[in-house]
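Hydrogens, waters and symmetry mates play no part in the numbers below; they use all other heavy atoms, side chains included.
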Amino acid sequence: MSGLYGKVIDDHGKRPRNRGSLEEPDAAHEDVNPLCGDRIRIELRLEDGRIAEARFGGSACMVAVASASLLTEMVRSLPPGEAAALTLDRIVSEMHAELRPARLSCAELPLSVLRGAVKQLPER
Ligand code: FES
């Protein structure tokens, strides 16, 4: 096991995928974890009824950044409804880590932001 939270969180936390912003997002949503003030923003671009691109930004802890990085990978090519149906359990299982309850809220932040962004997209 590397790092405090294991290999996957270490990798995605230090070398996050899809960090940045889109030129013309179809949806963009941002929120804060009220427990700590950390903030995540997610932008989505839709193509043929599926998420073609997802980017994230913000200032947050390593677990939240790793979660956003994983999530923006996982939603690519999913229809909006399927992306919004992803669960915290699924993200944590992709992380291959056991997170204490306080850290679960970190992993959950990008998921709730994603759901907020998906609400702005048309569902077919
Ligand atoms: Fe704030 Fe993790 S400590 S989201």
Side-chain angles (χ1 to χ4, degrees):
M1 190 175 248
S2 72
L4 189 55
Y5 301 109
K7 242 198 269 188
V8 177
I9 292 179
D10 198 55
D11 177 30
H12 281 264
K14 289 180 180 158
R15 287 171 291 279
R17 284 36 151 204
N18 307 311
R19 185 159 212 161
S21 54
L22 296 170
E23 263 183 30
E24 290 185 32
D26 294 303
H29 187 67
E30 185 170 322
D31 209 353
V32 222
N33 181 344
L35 301 175
C36 62
D38 283 356
R39 178 176 293 274
I40 289 282
R41 173 184 175 86
I42 291 185
E43 298 180 355
L44 304 172
R45 188 174 67 77
L46 203 61
E47 200 173 292
D48 297 328
R50 289 176 182 266
I51 294 170
E53 287 184 286
R55 295 278 188 281
F56 80 95
S59 171
C61 71
M62 190 184 220
V63 173
V65 167
S67 170
S69 172
L70 277 166
L71 199 54
T72 49
E73 294 268 277
M74 289 160 73
V75 298
R76 195 175 310 132
S77 81
L78 290 184
E82 279 182 38
L86 288 170
T87 61
L88 181 58
D89 278 354
R90 173 79 197 285
I91 296 167
V92 173
S93 104
E94 294 285 330
M95 287 176 158
H96 301 288
E98 283 195 20
L99 297 178
R100 286 178 290 121
R103 292 291 152 197
L104 284 175
S105 75
C106 306
E108 194 167 22
L109 174 62
L111 183 60
S112 70
V113 173
L114 171 80
R115 287 179 178 150
V118 163
K119 274 193 197 144
Q120 301 169 15
L121 294 173
E123 180 73 71
R124 286 206 302 205

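V75 and L22 are assigned to two separate hydrophobic clusters, defined by single-linkage of ILVMFWY side chains at heavy-atom distances under 4.5 Å. A single hydrophobic cluster is not seen to contain both V32 and F56; linkage of ILVMFWY side chains at heavy-atom distances under 4.5 Å, directly or through other members, places them apart.
The backbone N or O of A28 lies less than 3.5 Å from a partner atom in the side chain of Q120, making a donor-acceptor pair. Not one N or O on the side chain of S67 forms a donor-acceptor pair closer than 3.5 Å with the backbone of V63. Distance alone, capped at 3.5 Å, places no donor-acceptor pair between the E47 side chain and the A52 backbone. In this structure, R41 contributes its side chain and R55 its backbone to no donor-acceptor pair below 3.5 Å. D38 places a side-chain N or O within donor-acceptor distance of the main-chain N or O of C61, the cut-off being under 3.5 Å. Listed for the R39 side chain is no donor-acceptor partner under 3.5 Å among the backbone atoms of G37.
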Take I9 and L99, measure what side chain to side chain contact (heavy atoms under 4.5 Å, CB included) needs, and give me the verdict at the end.
CA-CA 11 Å; I9 292 179; L99 297 178; 3.9 Å; yes
Begin with the C-alpha distance, continue with both residues' side-chain angles, and end with the deciding distance and a verdict on side chain to side chain contact (heavy atoms under 4.5 Å, CB included) for E94 and V8.
CA-CA 8 Å; E94 294 285 330; V8 177; 5.9 Å; no
Could you walk me through whether N18 and E73 satisfy the side chain to side chain donor-acceptor pair (under 3.5 Å) test, starting with their C-alpha distance in whole Å, then the side-chain angles of each, then the deciding distance to 0.1 Å, before giving a yes or no?
CA-CA 8 Å; N18 307 311; E73 294 268 277; 3.2 Å; yes
Passes side chain to side chain contact (heavy atoms under 4.5 Å, CB included), L86 versus L78? Steps please.
CA-CA 10 Å; L86 288 170; L78 290 184; 4.3 Å; yes
Please walk me through it: do M74 and R90 pass side chain to side chain contact (heavy atoms under 4.5 Å, CB included)?
CA-CA 10 Å; M74 289 160 73; R90 173 79 197 285; 3.6 Å; yes
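Between G13 and A66 the shortest heavy-atom distance is N-CB, 3.9 Å. Between A68 and I40 the shortest heavy-atom distance is CB-CD1, 4.3 Å. Scanning both residues, L114 and A83, for their nearest heavy atoms gives CD2-O, 3.6 Å. Residues I51 and P80 approach most closely at CD1-CA, 4.4 Å, considering heavy atoms. Among all heavy-atom pairs drawn from A27 and L121, the shortest one is CB-CD2, 3.8 Å. The nearest pair of heavy atoms linking Y5 to A97 is O-CB, 3.4 Å.
Every residue meeting the side-chain hydrogen bond (donor to acceptor under 3.5 Å, both in side chains) condition with K14, not counting sequence neighbours, appears here in chain and number order: D10. Residues passing the side-chain hydrogen bond (donor to acceptor under 3.5 Å, both in side chains) test with R100: none are found, sequence neighbours excluded.
Separating the CE atom in M62 from the SG atom in C106 is a distance of 12.5 Å, to the nearest 0.5 Å. Rounded to the nearest 0.5 angstrom, L111 CG and L88 CG are separated by 6.5 Å. To the nearest 0.5 Å, atom CD of residue E43 and atom CD of residue E30 are 9.0 Å apart.
Side-chain contact between H12 and R17 is present, with at least one heavy-atom pair separated by less than 4.5 Å. In this structure, the side chains of R50 and P79 come closer than 4.5 Å at one or more pairs of heavy atoms. In this structure the side chain of R19 reaches within 4.5 angstrom of the side chain of V65, judged on heavy atoms.
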